[in-house]
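Data block below; observations after.
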Amino acid sequence: MGIISKLPAYMETIPGGGILTTTTEKLLNLSRASSLWYMLFGLACCAIEGLMATGASRYDFDRFGMIFRASPRQSDLMIVAGTLTHKMGKRLKVLYDQMPDPKYVIAMGGCANNGGPFYYDCYSVMKGVDKIVPVDIYIPGCPPRPESVLEACIQLQEKVKKEKMGKWSASTE
Amino acid sequence: MLELRPIFDAIGEFLNSILPEFWVTIVSAFGTGAIILGVASVFVLFFVWWERKVSAHMQQRYGPMRTGWHGWLQTIADGVKLLQKEDLIPRDADKLVYLFAPVVCFVAAFLAYVTIPFGEGLIVQDLNIGILYIIAITTFTVVSLLMAGWASHNKWSLLGGMRSAAQIISYEVPLSLSLIGVIMIAETLSMVSIVVQQEGWFWNWYVFRQPLGFIVYYIAATAEANRTPFDIPEAEQELVAGYNVEYSGMKWAMFFFAEYINMLTISAIAVTLFFGGWHAPAPFLDFIPSWIWFVGKCLLSVFVLMWFRWTYPRVRVDQLMAFAWKFMLPLAFVNIILTGFGIYLF
Amino acid sequence: MDSESLLKYVQEEYSERIIGGEMVKGVPVFEVKPEKWVSLCGMLRDDSDTMMHSVSNYTAVDYREKHGGFKLVITIFSHILNHRLTLETLLPAKDDEIPEIETLATVWPTTIWFEREHAELFGIEFINHPDPRHLMLDDDWDEGYPMRRGWTGTDFVVKPDK
Amino acid sequence: MSVKQLRTEEMLINMGPQHPSTHGVCKLVIKMDGEEVKYIQPHVGFLHRSIEKIAENRNYPQFVPYTDRIDYCASMNANHAYVVAAEKLGDVEIPERAEYLRVIMAELNRIASHLVWLATFTIDLGAVTPFLYAFREREDILDLFEMTCGQRLTYNYMTIGGVGWDIPKEFEPKLRQFLKIFPSRIDDYEDLLTNNPIFLHRTKGVGVLPKETAYEYSVSGPSLRGSGVKWDIRKAEPYSIYDKFDFDIPIGTEGDAWDRYKVRLQELRESAKIVEQAIDGLPGGDFKKKVPLTWKPPEGEVFCRIEAPRGEMAYHIISDGTPKPYRMKIRTASFCNLQVLPIIGVNHMIADLVAIFGSLDIILPEVDR
């Protein structure tokens with residue numbers, strides 16, 4: 001957690017700092033919401049739609065201030081796009097742990113939500129990403145359209161904007 | 001009219017009148033430091049946003065749109081977000097080196113601004129070895145990249161660090177040699193004197209007397225700044241993120257900051273040495289303040305660097321080395337010899 | 001060579017190595033003796049009249065109920081002569097037995113991965129295989145051989161309610 | 001210090017399974033001597049979705065959507081391979097209009113797939129801008145697919161007995177417009193890349209795949225043709241109605257990454273040619289023959305292969321007379337093509353390894369299934 005995120009807590013101790021706290025909190029949240037850098041976690045079909053087509057000219061993730069980072073250390077958001085197998089699940093957990101707080105996860109597509117078309121009779125697919133990492137937004141579809149990915153990002157931004165500062169600092173410390 | 005020099009002079013006089021001489025030195029040192037830091041930061045904030053917009057428009061996209069008007073607040077949001085990120089240090093990292101690498105990188109990038117004349121009289125210290133100082137100080141970056149690559153305890157970052165060491169040291173040679181032509185004509189190492197010599201119409205600029213030197217300089221400088229097509233130290237598709245793969249939050253931001261500062265540095269040097277510094281291309285345009293000319297020329301140069309980046313593929317590491325030693329270096333020597341002949345004949 | 005003459009040619013040339021041959025949907029299919037499996041494949045590759053230097057497909061089928069074993073089916077073809085044929089061999093196995101056969105990796109290197117897949121999914125052992133690791137499944141997989149028919153599997157296999 | 005005292009050792013690096021240039025989830029364990037790659041071992045199976053097991057528990061028409069997900073860049077071709085095999089198994093005759101529609105869709109999807117390849121290949125070489133240009137044209141094709149079957153990526157368009165839906169009225173003018181502008185767009189890519197000296201240096205002589213190695217490892221598709229083998233299943237074993245169309249098979253000479261690039265760009269033009277001929281000759285009539293969900297093919301087995309964008313894609317279906325297949329084996333091109341990577345990738349720089357991986361056009365779900 002960066003130093004600045006403790007700022008609201010200190011402010012609260014100042015007499016009359018309550019108003020300041022809310023403003024700072026709002027500002028910090030806004031900045032986080034406007035710059036969600038996502039990690040490329042393309043697993044299967046959804047990677048083409050959710051990461052490549054959405055990043056390309058017609059849909060353009062960059063409009064929302066979202067750029068991709070190859071290293072988990074520099075990303076805030078993990079878009080799990082595609083089928084997660086048991087073999088890959090272990091690796092996903094490692095990568096999630098490598099991301100610095102605050103971090104978010106979007107489960108994209110049926111497979112990442114609950115196994116999708118590979119739910120029945122399948123011996124190797126994990127039935128949902130939420131079995132191993134906490135998920136903030138689920139996107140249905142197989143694969144979801146780029147519009148729905150953008151909508152999910154807007155939803156996530158709304159969620160981030162409403163966050164209380166103490167919440168995620170308490171949960172991780 | 002809008003020249004900034006009188007303002008600074010006035011501030012200096014005011015300080016002199018209220019403080020003893022020793023304190024004036026201290027205050028002005030910190031003051032100029034703060035101004036340089038502030039100006040450079042504004043430039044970086046602008047460059048990051050601008051690069052995203054330029055690349056987006058080259059690729060038929062819009063780029064950042066939602067944060068402020070056409071996304072102009074985007075870089076600020078990114079910066080504030082990076083401040084809030086968790087400060088990770090990998091368990092096996094060499095902690096001291098890991099912590100100091102970004103600082104060294106940051107400081108080295110800023111030190112070059114001591115001898116860059118931003119406008120008429122707008123220079124921190126006109127050293128009589130100005131060019132030599134800049135060449136020496138910009139190479140410091142390589143130390144930080146090596147430190148980062150080594151300390152992260154990650155094989156990818158080690159590779160990136162090694163690559164950058166090899167690259168920057170190799171390109172330092174043609175870069176330095178390419179500037180010798182200018183020095184030979186100008187017969188001085190001071191940045192201000194070189195600019196003063198290029199006064200008048202634009203054909204007095206050294207780029208017209210040193211075209212070869214300029215080309216060698218610009219290519220070598222692109223490599224120095226780790227920009228595509230020479231961005232192999234952090235080649236995303238090969239090394240994930242190169243030397244900074246383990247860095248997060250503000251530490252990473254410092255590397256990022258330094259990269260863009262370097263971009264401005266190489267543009268500023270190019271403008272100072274080859275494009276007449278703060279002078280207008282024609283004498284009748286002198287009514288526009290000198291610092292605007294300087295900044296305008298720098299921006300143009302930075303734009304060209306961005307243009308390179310979004311057009312070319314990346315070269316391979318051995319091709320990069322071969323290019324430096326087998327092509328750029330001979331070219332730089334040829335330039336020096338030609339300049340010598342020119343001076344002898346005219 | 002067209003399929004008819006290919007069928008005849010192989011039946012005559014390699015009669016002691018095959019059990020039978022027939023035409024199935026325009027492609028010659030031969031049943032091969034398991035012990036002659038590798039040698040026949042090598043000969044078909046080197047024979048200048050067949051020149052079977054490429055593998056189109058290599059599969060294993062669980063025929064334990066019907067024929068009492070596993071069948072290996074390989075479809076090989078020639079780019080130059082533009083013909084293909086299919087070879088089959090039956091590896092007898094009952095219940096949980098693991099049948100064995102010599103590896104084809106010496107003939108066509110591309111079969112290495114195919115055989116690794118068959119080994120882990122069907123439980124067929126390939127003798128002298130150069131790289132006997134798991135291919136698809138995780139290294140610590142110990143839930144049996146999932147592609148065998150009747151494999152009920154583990155907790156994470158969900159069956160639809162009828 | 002003399003040179004002998006400098007001790008160097010090979011460095012073992014895990015590239016993947018989450019790496020920007022492995023195009024999915026493939027892990028390459030590589031040993032490096034400085035920058036040079038000395039040994040490569042691919043690890044796959046991170047996307048093994050047990051599709052073959054699922055096939056044994058689905059009715060024949062029910063399995064079509066799964067074929068989409070085997071090769072998501074070229075779902076139409078994967079559909080095509082399956083339905084052709086299933087129809088051959090059950091001796092189903094399909095209307096001529098359906099055949100033409102299938103060819104149009106398959107070739108359009110081949111273009112889309114090659115465009116994805118072009119995008120990712122250039123990104124592997126560090127050039128970002130061609131990526132976005134290639135995706136611009138891809139979006140045009142996806143629009144055509146979307147107006148036909150309502151999906152952008154996994155179409156489920158071809159069914160056993162024909163195609164799922166007829167094309168709408170607006171399809172043809174839009175397609176013709178696309179075909180008109182597309183050749184000039186290919187020229188654009190060539191302007192950006194073909195004569196770019198950096199691109200030439202990065203691809204010429206890199207990852208040479210000799211003909212003999214290609215045969216041994218059963219490499220197929222453009223990667224094989226780049227090595228100078230004139231082999232295309234559309235010509236060699238014509239399926240569907242490919243024998244009615246006039247098109248060339250582009251081949252390379254050296255077998256390096258450059259040749260594979262050139263062959264694919266050439267194929268873009270050829271595919272556009274086929275689409276043009278098919279839309280000109282599109283007959284009227286029925287587009288579908290009704291096949292019930294509990295369709296029972298006769299007992300027997302079939303092996304049928306087609307030319308997918310990445311190479312040979314084949315279905316080996318064994319039927320026991322019930323509505324569900326007894327065994328279905330899916331042979332995919334990338335499964336075999338990936339195996340040559342350890343052979344042609346060694347003794348190259350790591351940057352070249354990325355380029356070679358890109359030039360082979362591997363797609364991981366095809367390898368893992």
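Everything numeric in this text was worked out from a predicted model, so none of it was measured.
- Within a 6.0 Å sphere centred on CD of D:Gln177, other residues, nucleotides and ligands contribute 12 heavy atoms or fewer.
- In this structure, A:Phe118 and D:Tyr66 have perpendicular ring planes: the angle between them is above 60°, well past the 30° mark.
- Note: D:Leu47 CG to A:Cys45 SG = 7.5 Å, rounded to the nearest 0.5 Å.
- In this structure, the portions of A:Ala44 lying under 4.5 Å from any heavy atom of chain D include both its backbone and its side chain.
- Counting only heavy atoms from C-beta outward, the side chains of A:Glu49 and D:Arg152 approach each other to under 4.5 Å.
- The part of A:Leu95 that comes within reach of chain D is its side chain, from C-beta onward, which places non-hydrogen atoms under 4.5 angstrom from that chain.
- Only the side chain of D:Ile51 comes within contact range of chain A, judged by heavy atoms closer than 4.5 Å.
- Taking OG of A:Ser124 as the start and CD1 of D:Ile54 as the end, the distance is 7.5 Å to the nearest 0.5 Å.
- Considering all non-hydrogen atoms of both residues, D:Thr154 and A:Pro143 come closest at OG1-CD, 3.3 Å.
- Across every non-hydrogen atom of D:Gly45 and A:Thr85, the tightest pair is O-OG1, 4.5 Å.
- Atom NE2 of D:His48 and atom NE2 of A:His86 lie 11.5 Å apart (nearest 0.5 Å).
- Neither the backbone nor the side chain of D:Glu56 comes within contact range of chain A; no heavy atoms are under 4.5 Å apart.
- The environment of NZ in A:Lys161 is crowded: more than 12 heavy-atom neighbours from other residues, nucleotides or ligands sit within 6.0 Å.
- For A:Met52, the parts sitting under 4.5 Å from any heavy atom of chain D are the backbone and the side chain alike.
- To the nearest 0.5 Å, atom CD1 of residue A:Ile48 and atom CZ of residue D:Phe135 are 6.0 Å apart.
- The pair A:Arg58-D:Asp143 meets the salt-bridge criterion, with a side-chain N (NZ, NE, NH1 or NH2) lying under 4.0 Å from an Asp/Glu carboxylate O.
- Ranking A:Pro117, A:Gly89, A:Ala56 against chain D, the residue ahead of the rest is A:Pro117, based on heavy-atom pairs under 4.5 Å.
- Side-chain contact between A:Thr83 and D:Arg69 is absent, with no heavy atoms from C-beta onward closer than 4.5 Å.
- For D:Glu146, the part lying under 4.5 angstrom from a heavy atom of chain A is the side chain only.
- Interface residue A:Ala53: backbone and side-chain heavy atoms are both found under 4.5 Å from chain D.
- Between chain A and the residues D:Glu139, D:Gln151, D:Lys53, the largest count of heavy-atom pairs under 4.5 Å involves D:Glu139.
- Heavy atoms of D:Leu364 lying under 4.5 Å from chain A are absent altogether.
- Contacts between D:Thr120 and chain A at a heavy-atom distance below 4.5 Å involve the side chain alone, from C-beta outward.
- For the atom pair CG of D:Asp368 and NZ of A:Lys87, the computed distance is 7.5 Å after rounding to the nearest 0.5 Å.
- Taking chain A as the reference chain and counting heavy-atom pairs below 4.5 Å, the highest number among D:Leu132, D:Leu142, D:Asp71 is found for D:Leu132.
- Using a 4.5 Å cut-off between heavy atoms, D:Phe131 contacts chain A through its side chain alone, with no backbone atom that close.
- If you measure heavy-atom distances from D:Tyr72 to chain A, the contacts under 4.5 Å come from the side chain alone.
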